[in-house]
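Structure first, then comments.
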Amino acid sequence: MRISISSLALAMLLTPFALGQAAPQKLKTEASPANAKEPEERPSESRKADEKTGAENSASEKPERYDMTEVPPVATQHEITVDGRPLRYTANAGRLPIKRDDGNILAEMFFVSYTLAAQDPAKRPLTFAFNGGPGSATVWLHMGALGPKRVLMQPAGFMPEPPYRGVDNSATALGVTDLVLVDAIGTGFSRAANGEEEKKFLSVAGDVRAFGEFIRAYITRYERWSSPLFLVGESYGTTRAAGVAGYLADQGIAFNGIALLSSALEFETLEFTKANDLPYVLILPSYTMIAAYHKKLPPDLNENPAKTRAEVEHWASTDYAQALAQGDRLSTQERKTVISQISRYTGLATEVIDQANLRIDVQEFTHNLLLEQKVRVGRLDGRFTGPDPRGLLDPSFYDPSMSETLPPYTAAFNQYVRNELGYKTDMPYRVFAFSSQEFKWEWGSAEKGFPDTATELRQAMAKNPYLKVLVMEGYYDLATPYFAANYTMDHLNLPEQLRKNISYATYESGHMVYLDTKSLAKFRQDLGSFVAKSLPPTR
């Protein structure tokens, strides 16, 4: 019996085979400006070996197969000014093969790396970064926060008027670390050889092993075994990062630091079910923050946001949790008191709370908070609002924060990767893999309960006492609420000396904290400080 996980809740968290130690063939390494030259080879277009012969959904169609021929990445030279100083860097855009022991290629993973010229690999940090989904490409972290180019949005992160474009990112992390942005198999330009091979990667365990093998192969081919290593994961990317850290610890690869942005490690804290009250408790403070942003709270709660946040956190984890635990034993008067308090902290009508049996899920909150204004509130970012395209009374879920960010990021990245990075291909860049017929994520068996990689993170920290963890969280995020992330980190069962390795950074933003330009600047400062503090003493 498989876990019953809501496809909506998990697929939007932006949604066993053994990988052998393949003997890699040497690829062209990053060239310094002195010896850089126009690459003679361009990436071949990944093409289907079997053309479709019938109607699109015809049963007579042959299975999809993709060209797994190795082609060297495209190397280009660039310069950007950060903090008043020019940074010369090499960008490599290409695909790295994931092989079996016998050398057969199972899949190729697309990446873009950025490396500064004339740096000592033993001292220069190297950061692998990825988004999640599962089923999401890494365009968000790439073009929103870390890379030298970012998508131009309005200052608060809202959608600009088309056409969309990229601009220099003065907040790029390239000033403190080399970067490798990686797309999961089935997303971006990453593909498995065929549908059957792809299934091996579409699971919690298979995905971890694929990224683990990518990292091993990358640091081997580009001779970075001596570099300080870091991971940055967002959303399901944090699930992956924790799993990869635990997995690679047993392969002899240790990390100096892991940054977890909008964490999803222990899904028991996130998945609303009839028998699981914990997510309702942990998401309540986020409802309060969003209600405050939209001026839906009583005046006294708006005076001091920090005080209100602490008050709600305390009430949610005590009185509210105890009330939910009583279930039907809760008295009529106690029930009225709880309903009144939830209404005070969320801005929702008492009738809505009563009808929801004191348990407000994300859809109920986002559809009802500004109902009188006839707009929905964003799930990924509660600051966003918009009318439902299907109509106010349509019961299906709609998230205006995704609708406003997807078009600009898709257009700007496609322009950038092809024109500035020179990666020429007709293959569509899949921002999301959900449209693929092969995409069906395997969460595991019910015997193991909710998906969980917090255990792997604990194992990695126990095996490597120098490993530092930075938890980065947005107050307006309903996909991965900040209080749920705190709860997970508080329940790792770590000794005191290891708990000191965990630090936190919070933002007045949503799931993608970097959408807001002020939060982006803080993100860069927080990440840079974290990397610097996680490096070993000068040798």
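Below, each value reflects all heavy atoms present in this structure, side chains not excepted, and no hydrogens, waters or symmetry copies. Residue numbers count from 1 along this sequence. Just so it is clear, the structure is predicted and the values come from calculations on it, not from any experiment.
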Quiz item: For the side chain of Thr138 and the backbone of Val182, is there at least one donor-acceptor N/O pair under 3.5 Å apart?
Solution: yes
Practice problem: Verify the distance criterion only: is there a donor paired with an acceptor across the side chains of Thr239 and Thr453 at less than 3.5 Å? | Solution: no
Practice problem: Kindly indicate whether the side chain of Leu520, heavy atoms from C-beta on, has any atom under 4.5 Å from the side chain of Arg150. | Solution: yes
Practice problem: Check step by step if side-chain contact (heavy atoms from CB on, under 4.5 Å) holds for Phe255 and Lys468. | Solution: CA-CA 8 Å; Phe255 293 91; Lys468 306 295 192 300; over 6 Å; no
Quiz item: Between Asn169 and Ile80, what is the shortest heavy-atom contact and its length?
Solution: O-CD1, 3.5 Å
Quiz item: Do the charged groups of Glu420 and Lys149 touch, with an N to O distance under 4.0 Å?
Solution: yes
Exercise. Please indicate whether Gln525 has more than 12 foreign heavy atoms, meaning atoms of other residues, nucleotides or ligands, lying under 6.0 Å from its CD.
Key: no
Self-check item: Glu79 and Leu87, any side-chain heavy atoms less than 4.5 Å apart
Solution: no
Quiz item: Are Tyr236 and Asp207 close enough that some pair of their side-chain heavy atoms sits under 4.5 Å apart?
Solution: yes
Self-check item: Arg418 vs Tyr423 side-chain heavy atoms within contact, under 4.5 Å
Solution: no
Practice problem: Verify whether one side chain among His142 and Tyr114 offers a donor that lies under 3.5 Å from an acceptor in the other. | Solution: yes
Quiz item: Under 4.5 Å between any side-chain heavy atoms of Phe397 and Arg376, yes or no?
Solution: no
Quiz prompt | Stepwise side-chain contact (heavy atoms from CB on, under 4.5 Å) check, Met402 with Phe432 | solution = CA-CA 12 Å; Met402 176 53 69; Phe432 296 116; 3.8 Å; yes
Quiz item: Closest heavy-atom contact between Ile105 and Met68?
Solution: CD1-O, 3.2 Å
Practice problem: Measure from the side-chain N and O atoms of Arg224 to the backbone N and O of Arg221, and report whether any donor-acceptor pair falls under 3.5 Å. | Solution: no
Practice problem: Please confirm whether the backbone N or O of Leu380 pairs with a side-chain atom of Asp399, one donor and one acceptor, at under 3.5 Å? | Solution: yes
Quiz item: Is it the case that more than 12 heavy atoms not belonging to Arg85 sit under 6.0 Å from its CZ atom?
Solution: no
Practice problem: Verify whether the ring centers belonging to Phe128 and Phe111 lie closer than 6.0 Å. | Solution: no
Quiz item: Does the side chain of Val471 come within less than 4.5 Å of Glu473's, by heavy atoms?
Solution: yes
Quiz prompt | Closest contact, heavy atoms only, Ile98 versus Phe201 | solution = CG2-CE2, 4.2 Å
Quiz prompt | Candidate pair Leu260 and Leu470, rule side-chain contact (heavy atoms from CB on, under 4.5 Å), full reasoning | solution = CA-CA 6 Å; Leu260 304 173; Leu470 174 62; over 6 Å; no
Self-check item: Thr177 side chain to Ala173 backbone, donor-acceptor under 3.5 Å
Solution: no
Quiz item: For the atom pair CG (Asn414) and OH (Tyr409), what is the distance rounded to the nearest 0.5 Å?
Solution: 14.5 Å
Self-check item: Under 3.5 Å donor-acceptor, Asn256 side chain and Leu229 backbone
Solution: yes
Self-check item: Audit row: Ser113, Val180, side-chain contact (heavy atoms from CB on, under 4.5 Å) steps and yes/no
Solution: CA-CA 4 Å; Ser113 66; Val180 184; 4.1 Å; yes
Exercise. Go through the side-chain N and O atoms of Thr220 and Trp225 and say whether any donor and acceptor fall under 3.5 Å apart.
Key: yes
Quiz item: Rounded to the nearest 0.5 Å, what separation is found between the CG atom of Leu457 and the CD1 atom of Ile258?
Solution: 5.5 Å
Quiz item: Counting distance only, does the side-chain N/O of Ser170 pair as donor-acceptor with the main-chain N or O of Val82 below 3.5 Å?
Solution: no
Quiz item: Side chains of Glu234 and Tyr514: is there a donor and an acceptor less than 3.5 Å apart?
Solution: yes
Practice problem: Report yes if the side chains of Thr172 and Leu146 come closer than 4.5 Å at any heavy-atom pair, otherwise no. | Solution: no
Exercise. Before accepting this row, confirm whether a basic side-chain N of the pair Lys518/Asp516 lies closer than 4.0 Å to the acidic partner's carboxylate O.
Key: no
Quiz item: Does the ring of Phe130 carry Arg240 above it, NZ/CZ under 6.0 angstrom from centre and within 45° of its axis?
Solution: yes
Quiz item: Would you say the side-chain atoms of Thr425 pair up with the backbone N or O of Met427, donor to acceptor, closer than 3.5 Å?
Solution: yes
Quiz item: Please walk me through it: do Lys99 and Glu70 pass salt bridge (Lys or Arg N to Asp or Glu O under 4.0 Å)?
Solution: CA-CA 11 Å; Lys99 298 181 178 181; Glu70 284 197 63; 3.1 Å; yes
Self-check item: Approximate separation, where rounding is to 0.5 Å, of Arg88 CZ and Leu174 CG
Solution: 14.0 Å
Exercise. Using the ring of Tyr507 (Phe, Tyr or Trp, six-membered ring only), decide whether Lys522 places NZ or CZ under 6.0 Å from its centre and within 45 degrees of its axis.
Key: yes
Self-check item: Nearest non-hydrogen partners of Ile185 and Ala210, listed with the distance
Solution: CD1-CB, 4.2 Å
Practice problem: Examine distances only and state if a side-chain atom of Ser190 and a backbone atom of Gly186 form a donor-acceptor pair shorter than 3.5 Å. | Solution: no
Quiz item: Which distance, rounded to the nearest 0.5 Å, do you find between the CZ of Arg124 and the CD of Gln119?
Solution: 5.0 Å
Quiz item: So, Arg383 side chain and Ala156 main chain: donor-acceptor pair closer than 3.5 Å or not?
Solution: yes
Quiz item: In Å and rounded to the nearest 0.5 Å, what is the CD to OH distance from Glu223 to Tyr218?
Solution: 11.5 Å
Quiz item: Do any pairs count as a ring-ring contact (aromatic ring centres under 6.0 Å, His included) and have a residue in residues 146-188, sequence neighbours left out, and if so which ones?
Solution: Phe158-Phe384
Quiz item: With respect to Tyr429, which candidate in Thr187, Asp183, Thr410 satisfies the side-chain hydrogen bond (donor to acceptor under 3.5 Å, both in side chains) definition?
Solution: Asp183
Quiz prompt | Trp140 to Thr405 - nearest heavy-atom pair and separation | solution = CZ3-O, 3.8 Å
Self-check item: Nearest heavy-atom neighbours spanning His367 and Asp394
Solution: CE1-O, 4.2 Å
Quiz item: For the side chain of Thr127 and the backbone of Phe230, is there at least one donor-acceptor N/O pair under 3.5 Å apart?
Solution: no
Exercise. Quick one: pull up CD in Glu266 and OG1 in Thr488 and give me the separation to the nearest 0.5 Å.
Key: 6.0 Å
Quiz item: Can you check whether Leu141 reaches Leu261 side chain to side chain, under 4.5 Å on heavy atoms?
Solution: yes
Practice problem: Measure from the ring center of Trp443 to the ring center of Phe267 and say whether it is less than 6.0 Å. | Solution: yes
Quiz item: Could Glu197 and Arg100 be called an ion pair, given the rule that one side-chain N must be under 4.0 Å from one carboxylate O?
Solution: no
